[in-house]
Each structure stands twice: as structure tokens, then as C-alpha cells.
**Q** 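What follows is a structure written as C-alpha cells; I'll ask about it next.
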Amino acid sequence: MPQANNIRQLCEATRDKLKRAAEKLETFLNQHSLPQLMEGQDEDRALFYQGFLSDLRHLLVFSEVCYEKLGVALRRGTFDEEAAEKVLYHVYHDCVNNFFYPKNESYSEDGRYAYTGQDAIRFRKKPVRAARDIVLDITGMFEELRDDLTYYESDYLTQLRLNRSAK
């Protein structure tokens, strides 16, 4: 369980990472459309790119929502640890999980490459360079978030249940 004074710092660091990821996602999505990604590609790639863009849009929305919620938690007159931890839980489950397990499965993480220095992200179909680059560009941020927020994967809920049953 994170220490009380560390929760605020964790919120600040998490908010910063979400902001950087959201900015990169928004720039990519504003500059690339389905017809652009499909240029020079065969038609069977249309479904791949539709799912890819949909997953990035969802990730952007989740990242922006959690960024705003962290901002609210940090701006309160009295820092509410319980509310902040609830937001951190949502960052893990909404943002981190949506990055590593996209609904349309246009890419996935191959854990065998995680410690080799090679890119652990593997695409279902070979994407155009811009699509590949955006995912690889934000991968590090989401890996850091996953590492920082690993407590909120399951331990957080277990702790909440224990606290409720003790009351």
C-alpha cells in the first residue's frame, strides 16, 4: 500500500505521463485519417486500421478523463487520499489496460521481448510507419504507469475489502 505522502507524488507523476501520452495521441489522431493510413495499402487493411484508430481514440478519451480527475484531486484544498487512490485505480484499469489490451487487438505486447531491449509490441498486421511510431512512442509511458500503479491492479481492491470487513 502506498504511503500517504507518496500518493500525492504518484498522482502528480501519473498526471504528467497521461498528459504527455494524450498530447501525442491527439496530435497523431488530428493528423492521420483512415484514408491516409490506407494510402498504398490493400483493402484488407481497412478493418485493421479502423480498429487501430478506434482503440487510439478510446485510449485518448480515457487518458484525458483520468488526467482531469487527477487534476481535481490535486487541486482540492485538503488532499483526499481515498479519492486520489480511486482515480489511480481507474488510471490502471482504464488507461494502462486499454493500452496493453486494445479491444480490436491491432497490436499486443509480447512479454518474451520485454527484457531484451527490443520492442515488446507486436502488430497483428504490419502498419504504416506513422501508426507504428505512435504506439512505440507512448509504450514507455504506459510501461512506467503500469510499473508505478501495479498496486492498483488487484491489491487496492483487496485492501478496500479488508478495511470494510474490519469495520
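Computed from a predicted structure; not experimentally measured.
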**Q** For Ser106 and Asp55, work out which heavy atoms get closest and say how close.
**A** OG-OD2, 3.9 Å
**Q** Can you tell me how far apart OH (Tyr101) and OG (Ser108) are? Round to the nearest 0.5 Å.
**A** 10.0 Å
**Q** Is Cys11 close to Phe79 at the side-chain level, that is, under 4.5 Å between some pair of heavy atoms?
**A**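 With C-beta onward as the side chain, the pair touches.
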**Q** Before accepting this row, confirm whether a basic side-chain N of the pair Arg8/Glu12 lies closer than 4.0 Å to the acidic partner's carboxylate O.
**A**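 Yes, this pair counts.
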**Q** With rounding to the nearest 0.5 angstrom, report the OG1 to CD1 distance, Thr14 to Ile7.
**A**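 Answer rounded to 0.5 Å: 11.5 Å.
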**Q** Is there a chain of hydrophobic side chains (I, L, V, M, F, W, Y, each step under 4.5 Å between heavy atoms) that links Leu70 to Leu149?
**A** yes
**Q** What salt bridge (charged side-chain N to carboxylate O under 4.0 Å, His left out) pairs are there with at least one residue in residues 15-29, not counting sequence neighbours?
**A** Asp16-Arg20, Lys17-Glu144, Lys17-Asp148, Lys24-Asp137
**Q** Do Val65 and Lys69 make a side-chain contact, defined as non-hydrogen atoms from C-beta onward lying under 4.5 Å apart?
**A**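 Yes - at least one pair of side-chain heavy atoms lies under 4.5 Å apart.
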**Q** Looking at residues at least two apart in the chain, or sitting in another chain, which of them share a ring-ring contact (aromatic ring centres under 6.0 Å, His included) with His32?
**A** Phe28
**Q** Can you check side chain to side chain contact (heavy atoms under 4.5 Å, CB included) on Val87 and Val72, steps first, answer last?
**A** CA-CA 10 Å; Val87 176; Val72 168; over 6 Å; no
**Q** Could you tell me whether the side chain of Ser54 and the main chain of Gln50 form a donor-acceptor pair under 3.5 Å?
**A**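 Answer holds: no.
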**Q** Given side chains that start at C-beta, do those of Leu37 and Leu53 come closer than 4.5 Å, heavy atoms only?
**A**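 They are in side-chain contact.
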**Q** Distance from Asp80 atom CG to Glu85 atom CD, nearest 0.5 Å?
**A**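 Output value for this atom pair is 10.0 Å.
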**Q** Any side-chain heavy atom of Tyr151 within less than 4.5 Å of one from Leu88?
**A** no
**Q** Is the Phe142 ring parallel, tilted or perpendicular to the Phe99 ring (thresholds 30°, 60°)?
**A** parallel
**Q** Please round to the nearest 0.5 Å and tell me the distance separating atom NE2 of His58 and atom OG of Ser63.
**A**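 Output value for this atom pair is 12.5 Å.
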**Q** Check for me whether Arg132 meets the cation-pi criterion with Phe123, that is, NZ or CZ under 6.0 Å from the six-membered ring centre and within 45 degrees of the ring axis.
**A**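 No, a cation-pi geometry is absent between Arg132 and Phe123.
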**Q** Per the salt bridge (charged side-chain N to carboxylate O under 4.0 Å, His left out) rule, what does the pair list look like for residues 32-42, sequence neighbours excluded?
**A** Asp42-Arg45
**Q** As a test of understanding, state which of Leu60, Leu18, Leu145 forms a side chain to side chain contact (heavy atoms under 4.5 Å, CB included) with Cys95.
**A**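 For Cys95, the side chain to side chain contact (heavy atoms under 4.5 Å, CB included) test succeeds with only one of Leu60, Leu18, Leu145, which is Leu18.
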**Q** Linking I/L/V/M/F/W/Y whenever their side-chain heavy atoms sit closer than 4.5 Å, directly or via other members, would Phe100 and Phe52 fall into one cluster?
**A** yes
**Q** Within the 4.5 Å heavy-atom criterion, are Pro127 and Phe48 side-chain neighbours or not?
**A** yes
**Q** Tell me whether Asn98 contacts the main-chain N or O of Leu59 through its side chain, where contact means a donor paired with an acceptor under 3.5 Å.
**A** no
**Q** Could you check if a side-chain atom of Asn104 sits within less than 4.5 angstrom of a side-chain atom of Leu47, using non-hydrogen atoms only?
**A** no
**Q** Do you know which two heavy atoms are closest between Arg76 and Ala83, and how far apart they sit?
**A**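 Scanning both residues completely, I find the closest heavy atoms to be NH1-CB, 3.5 Å.
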**Q** Hey, what do you get for CG (Leu56) to CG (Leu29), rounding to the nearest 0.5 Å?
**A**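 Separation between the atoms: 5.5 Å.
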**Q** Report yes or no: do Leu25 and Tyr67 belong to one cluster of Ile/Leu/Val/Met/Phe/Trp/Tyr joined by side chain heavy-atom distances under 4.5 Å?
**A**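 In one cluster with Leu25: Tyr67, yes.
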**Q** Could you please spell out the steps behind the ring-ring contact (aromatic ring centres under 6.0 Å, His included) verdict for Tyr152 and Tyr92?
**A** CA-CA 7 Å; Tyr152 297 96; Tyr92 188 92; 8.2 Å; no
**Q** Flag the pair Arg146 / Thr150 as yes when at least one side-chain heavy-atom distance between them is below 4.5 Å, and no otherwise.
**A** no
**Q** Which distance, rounded to the nearest 0.5 Å, do you find between the NZ of Lys125 and the CD of Gln41?
**A**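 Lys125 NZ to Gln41 CD: 10.0 Å, rounded to 0.5 Å.
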